[in-house]
J.: 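Before I ask anything, let me first share the structure, which is written out below as structure tokens.
Labels below follow one simple rule: chain letters A, B, ... track the order of the sequence lines, proteins then strands, and each chain is numbered from 1. Scope of the values below: all heavy atoms of this structure, side chains included, with no hydrogens, waters or symmetry mates. In this text, all values refer to a predicted model and were calculated from it rather than measured experimentally.
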Protein chains: 2
Amino acid sequence: MDDPVDAAILTEVSRDPRATLAQLSESVGLGVSAVQARLRRLEHSGVIVGYRAILDPEAVGKSLSAFIEITPLDPSQPDNAPELLEHLAEIEACHSIAGDASYILFVRVGTPRDLEALIRDIRLAASVSTRTTVVLQTFYENRPISLPGA
Amino acid sequence: MDDPVDAAILTEVSRDPRATLAQLSESVGLGVSAVQARLRRLEHSGVIVGYRAILDPEAVGKSLSAFIEITPLDPSQPDNAPELLEHLAEIEACHSIAGDASYILFVRVGTPRDLEALIRDIRLAASVSTRTTVVLQTFYENRPISLPGA
DNA sequence: CGTGAAATTCTTAGGGA
DNA sequence: TCCCTAAGAATTTCACG
């Protein structure tokens with residue numbers, strides 16, 4: 001599905017989505033027009049889901065992050081916790097997992113008090129118990145996906 | 001530190017870093033030139049760390065993700081696990097945490113066999129024990145950081 | 001997939017609140 | 001200091017070969 005050229009485009013665009021077509025073109029050894037067409041196809045076909053700016057959490061007042069495992073209090077109820085929690089903007093990610101808990105969230109807040117409030121909101125919104133693991137230090141995150149054919 | 005205009009720029013650029021200055025300019029109600037200067041300052045001052053393309057993991061052969069908690073086998077040894085593991089491209093994030101384990105990693109691989117190999121590599125490279133939690137389904141991830149002043 | 005021309009965007013310099 | 005306008009350079013876009 002991905003030939004080497006597409007893989008090269010994806011690798012480059014993962015590291016710098018704001019590179020010009022000319023720069024991409026140079027990296028992958030194809031004309032600007034061809035790169036543009038491939039990039040458009042990769043976007044439209046859903047291989048490229050979107051683009052993000054990576055912000056420094058400290059600089060934007062989100063210095064505290066944590067993992068929150070959650071488990072429904074009443075297993076007999078329909079479980080749609082992910083949708084019930086989606087409106088909480090502090091939640092950056094939500095996965096269902098194999099393990100003791102049902103889901104794990106990754107959250108970012110400014111202060112311990114914000115975390116306390118968020119945990120309360122989560123419990124109320126989704127009728128779940130929580131188990132929170134505070135992040136002490138982040139060594140790296142948001143590293144680009146490494147592609148096989150790169 | 002961030003006035004409302006900077007916050008608006010950050011919000012927009014988080015959602016679509018490839019928007020043109022004219023589009024940003026429209027969103028924040030400032031001239032193109034002023035927006036460009038602010039964006040440059042936000043980049044240069046480190047508030048904006050970088051940009052990424054978000055790829056569909058399935059489409060690029062990384063359908064299996066997992067959290068791996070790790071703990072040094074010998075607590076008396078100097079602990080530099082994050083650096084020792086940095087060369088493993090399957091590791092997307094590495095945090096130190098408050099809890100039973102010392103660190104938690106988020107990793108992406110293609111198959112269970114790849115995960116097995118990665119866990120072996122991690123144990124060998126950093127002399128750690130591991131506890132792996134497989135992700136069954138990802139409901140959302142990479143949601144942009146929500147800014148206070150937005 | 002490459003070429004070329006038109007439309008759009010980026011960049012920089014200069015002036016004003 | 002911050003913002004706007006304006007002109008030239010660079011890039012994107014798209015039809016055609």
J.: How many whole angstroms separate atom CZ of A:R40 from atom C1' of D:dT12?
T.: 9 Å
J.: What's the closest nucleotide to the side chain of B:V32 if the choices are C:dT11, D:dC3, C:dC1?
T.: C:dT11
J.: Restricting to non-hydrogen atoms, name the atom on B:A81 and the atom on B:A126 that form the minimum distance, rounded to 0.1 Å.
T.: CB-CB, 4.1 Å
J.: Tell me the interatomic distance from B:D16, atom CG, to C:dT9, atom P, rounded to whole angstroms.
T.: 13 Å
J.: Would you kindly give the CD-to-P distance between B:Q23 and C:dT8, to the nearest whole Å?
T.: 13 Å
J.: Rounded to the nearest Å, what distance is computed from the CG atom of residue B:L21 to the P atom of nucleotide D:dC3?
T.: 14 Å
J.: In terms of side-chain geometry, is the basic nitrogen of B:R38 or B:E43 positioned less than 4.0 Å from the acidic oxygen of its partner?
T.: no
J.: B:H95 and ring-ring contact (aromatic ring centres under 6.0 Å, His included): which single residue from A:Y140, A:F106, A:F139 fits?
T.: A:F106
J.: Figure out the CZ/P separation between B:R18 and C:dC10, and round it to whole Å.
T.: 11 Å
J.: Which is more 5' along DNA chain D, the nucleotide nearest B:V35 or the one nearest A:A22? Just name the residue.
T.: B:V35
J.: Between D:dA10 atom P and A:E26 atom CD, what is the distance in whole Å?
T.: 15 Å
J.: Please report the distance, rounded to the nearest Å, between CG in A:L39 and P in D:dT11.
T.: 16 Å
J.: Under 4.0 Å, counting only non-hydrogen atoms across every strand here, what does A:R38 touch: a base, just sugar-phosphate, or nothing?
T.: sugar-phosphate
J.: With a 3.5 Å cut-off and heavy atoms only, can you find an N or O donor on one side and an acceptor on the other between the side chain of A:S33 and the base of D:dT13?
T.: no
J.: Does A:Q36 place a side-chain N or O at less than 4.0 Å from the phosphate oxygens OP1/OP2 of D:dT13?
T.: yes
J.: For the residue pair A:T138 and A:S65, what are the closest heavy atoms and their distance?
T.: OG1-OG, 4.4 Å
